[in-house]
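Note sheet for the following structure.
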There are 2 protein chains.
Amino acid sequence: MARGYMTNGGMDRLDLLRFVPFRLNRLAAEFSNALAADYARFGIDIPEWRVMATLGMHDEPRSANYVVRCTRTHKSRISRAVSQLTELGFVERLESGDDRREIMLQLTPKGREVYEELLPLLRAREEKLLSGLSPAQSSALDDIMLTLERSLGLVSCKK
Amino acid sequence: MARGYMTNGGMDRLDLLRFVPFRLNRLAAEFSNALAADYARFGIDIPEWRVMATLGMHDEPRSANYVVRCTRTHKSRISRAVSQLTELGFVERLESGDDRREIMLQLTPKGREVYEELLPLLRAREEKLLSGLSPAQSSALDDIMLTLERSLGLVSCKK
DNA sequence: ACTTGACGGTTGCGATCGCAACCGTCTATG
DNA sequence: CATAGACGGTTGCGATCGCAACCGTCAAGT
């Protein structure tokens, strides 16, 4: 019998607990929830963290649009996240010389401190969440996500 | 070097694209988005579908609280979803004989029709989303999700 | 140059969500 | 019984989100 499908009673039924989109959603929600406590410690939330994580990967400033493409988050959400991060003094907006539409973003020293402090907490949380998996499973998961990301066109984070 | 961690420049950095919680969230959002078109065809959304899917699994009515536990969705969300489904005529609320706090739910004939019509669409969508995976990967994914669900206590759907 | 459309970013608005307070009912304790 | 607390379900409220409209800037075609 195919995974997730039931044929008892001659009636067509779906086992929700084996329906991948549902399971993925539930797991993602659980993961997000587990990390929320760490974000909250610094007064930020998921979108704000995504901005900081993106900026933290590089030394040079990046545009807001780069963050949008890289994180696949809606631009309005990124815009508001940046506003809050500037209020908190974690990020600053710089005018771009060559294209005055673009707004370049970079972590402030304070923002870099927060980033460096938040990192180990998030890593530990991730590791704990995945601690039930064997090394082979962990590697397989990485592989599977990469395959799915590729087929969904989620891998690009260029420029 | 550990997965997802960068050590260049002596500075502690995180590769967001290899951070599992982020990737999981993104994939789940992409999956949900892909299914949204099918739900919309019948005027419902994810929470409504969860209610219908849960009720569709059984012949006997189930309580709203059962749906809450089974889907791990907040009870206010389920409550509102049920309200909309009753307005649409897909679900009906029955008074419970033995405990008058409980409200038993069941699909109406019309709701059952919609369920039967929606099922193959969602299955096809799921299959397409996973079509990039080899059978071994598909099986491994099921295994991994089950392991994670167990370690997070998400497997119970009793009573 | 002028116009047109594309693009980066912001914001107003309606919809949705989760939290918490609430109501009615059940149950345990005395 | 009487009362207190637990429980199923609903709802008001504040916060958040995505969409679309918008503003200013850039690039291409004439």
Side-chain angles (χ1 to χ4, degrees), chain A residues 25-26 28-30 32-37 39-40 43-51 54-55 61-87 91-106 157-159, chain B residues 25-26 28-30 32-37 39-40 43-51 54-55 61-87 91-106 157-159:
Chain A
N25 238 292
R26 222 174 35 153
E30 214 67 31
S32 292
N33 220 19
L35 298 179
Y39 300 140
I44 65 173
D45 205 343
I46 293 181
E48 286 77 22
W49 162 248
R50 289 185 179 179
V51 173
T54 305
L55 299 180
R62 300 279 156 164
S63 73
N65 197 33
Y66 174 81
V67 178
V68 167
R69 286 196 311 274
C70 197
T71 64
R72 279 242 161 183
T73 307
H74 197 275
K75 60 181 183 174
S76 64
R77 239 168 124 181
I78 295 299
S79 174
R80 288 188 250 253
V82 170
S83 292
Q84 192 187 334
L85 287 171
T86 57
E87 279 183 26
V91 165
E92 53 187 350
R93 306 189 211 229
L94 308 174
E95 292 184 5
S96 172
D98 49 331
D99 187 339
R100 285 169 48 208
R101 290 174 303 179
E102 281 188 340
I103 297 191
M104 303 304 276
L105 305 170
Q106 70 176 1
C157 186
K158 298 176 183 175
K159 198 220 167 187
Chain B
N25 237 291
R26 222 173 36 152
E30 213 68 31
S32 292
N33 220 20
L35 298 179
Y39 300 140
I44 65 174
D45 206 343
I46 292 181
E48 286 78 20
W49 163 248
R50 289 185 179 180
V51 173
T54 305
L55 298 179
R62 301 279 156 163
S63 73
N65 197 31
Y66 174 81
V67 178
V68 166
R69 286 196 310 273
C70 198
T71 64
R72 277 241 161 185
T73 306
H74 197 275
K75 59 180 182 174
S76 64
R77 238 168 126 181
I78 295 298
S79 174
R80 288 188 251 253
V82 170
S83 292
Q84 192 187 334
L85 288 171
T86 57
E87 279 183 24
V91 165
E92 53 186 351
R93 307 189 212 230
L94 309 172
E95 292 184 4
S96 172
D98 49 331
D99 187 339
R100 284 169 49 210
R101 291 174 301 179
E102 281 188 340
I103 297 191
M104 304 303 277
L105 306 170
Q106 69 176 1
C157 186
K158 298 176 183 176
K159 199 218 167 187

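Numbered from 1 within each chain, the chains take letters A, B, ... in sequence-line order.
- Look at CG on B:Leu85: it is 16 Å from C1' on D:dT10, rounded to the nearest Å.
- Formation of a donor-acceptor pair under 3.5 Å by the A:Ser79 side chain with backbone atoms of A:Lys75 is not found in this model.
- Of the candidate nucleotides D:dC17, C:dT11, D:dT11, D:dC17 has the atom lying nearest to any side-chain atom of A:Arg77.
- A distance of 4.5 Å separates CD of B:Gln106 from CG of B:Leu94, quoted to the nearest 0.5 Å.
- Note that OG of B:Ser32 and OH of B:Tyr39 are 7.0 Å apart. Values are rounded to the nearest 0.5 Å.
- A donor-acceptor contact under 3.5 Å is not formed by the side chain of B:Arg80 with the base of D:dG9.
- Remark on DNA chain D: of its neighbouring residues A:Pro47 and B:Asn65, the 5'-side contact belongs to B:Asn65, judged by nearest-heavy-atom nucleotide.
- The separation between B:Tyr39 atom OH and C:dT16 atom P is 16 Å, rounded to whole Å.
- Separating the CD atom in A:Glu30 from the CG atom in A:Asn25 is a distance of 11.5 Å, to the nearest 0.5 Å.
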Identify the pairs formed between an N or O of the protein and an N or O of nucleotides 22-29 of chain D at a distance under 3.5 Å, and give each distance.
{"residue": "D:dT25", "atom": "OP1", "partner": "A:Arg100", "partner atom": "NH2", "Å": "3.0"}
{"residue": "D:dT25", "atom": "O2", "partner": "A:Arg101", "partner atom": "NH1", "Å": "3.4"}
{"residue": "D:dC26", "atom": "OP1", "partner": "A:Arg100", "partner atom": "N", "Å": "2.9"}

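- The separation between B:Leu94 atom CG and D:dG8 atom P is 18 Å, rounded to whole Å.
- Put simply, the residue from A:Leu85, A:Val82, A:Val91 that forms a side chain to side chain contact (heavy atoms under 4.5 Å, CB included) with A:Leu55 is A:Val91.
- In DNA chain C, consecutive stretches of 3 or more Watson-Crick or G-U wobble pairs with both distances under 3.5 Å are given as paired ranges: C:1-30 with D:1-30.
- When the P atom of C:dA15 is taken as reference, atom CD1 of B:Ile44 falls 19 Å away, rounded to whole Å.
- No side-chain donor from either of A:Arg69 and A:Thr54 sits under 3.5 Å from a side-chain acceptor of the other.
- Residue A:Ser76 is the one, among A:Ser76 and A:Asn33, whose nearest nucleotide of DNA chain C lies closer to the 5' end (criterion: closest heavy atom).
- Using a 3.5 Å distance cut-off with no hydrogens or angles, the side chains of B:Arg50 and B:Thr73 do pair a donor with an acceptor.
- One interatomic measurement links the two molecules: CD1 of A:Ile46 to P of D:dA15, which rounds to 18 Å at whole-angstrom precision.
- Atom-to-atom, CD of B:Glu102 to P of D:dG9 comes out at 6 Å; the value is rounded to the nearest Å.
- Counting heavy atoms from C-beta outward, A:Arg93 and A:Ser83 have side chains that approach closer than 4.5 Å.
- Put simply, CD1 on A:Ile78 is 13 Å from C1' on D:dG18, counting in whole angstrom units.
- A donor-acceptor pair under 3.5 Å links the side-chain atoms of A:Glu48 to the main chain of A:Asp45, judged by distance alone.
- A close approach under 4.0 Å does not occur between any side-chain nitrogen or oxygen of A:Arg93 and OP1 or OP2 of C:dG8.
- When the nucleotides D:dG9, C:dC19, C:dT11 are ranked by their closest atom to the side chain of A:Ser79, C:dT11 comes out on top.
- The CD1-P distance, from B:Ile103 to C:dC26, rounds to 12 Å in whole Å.
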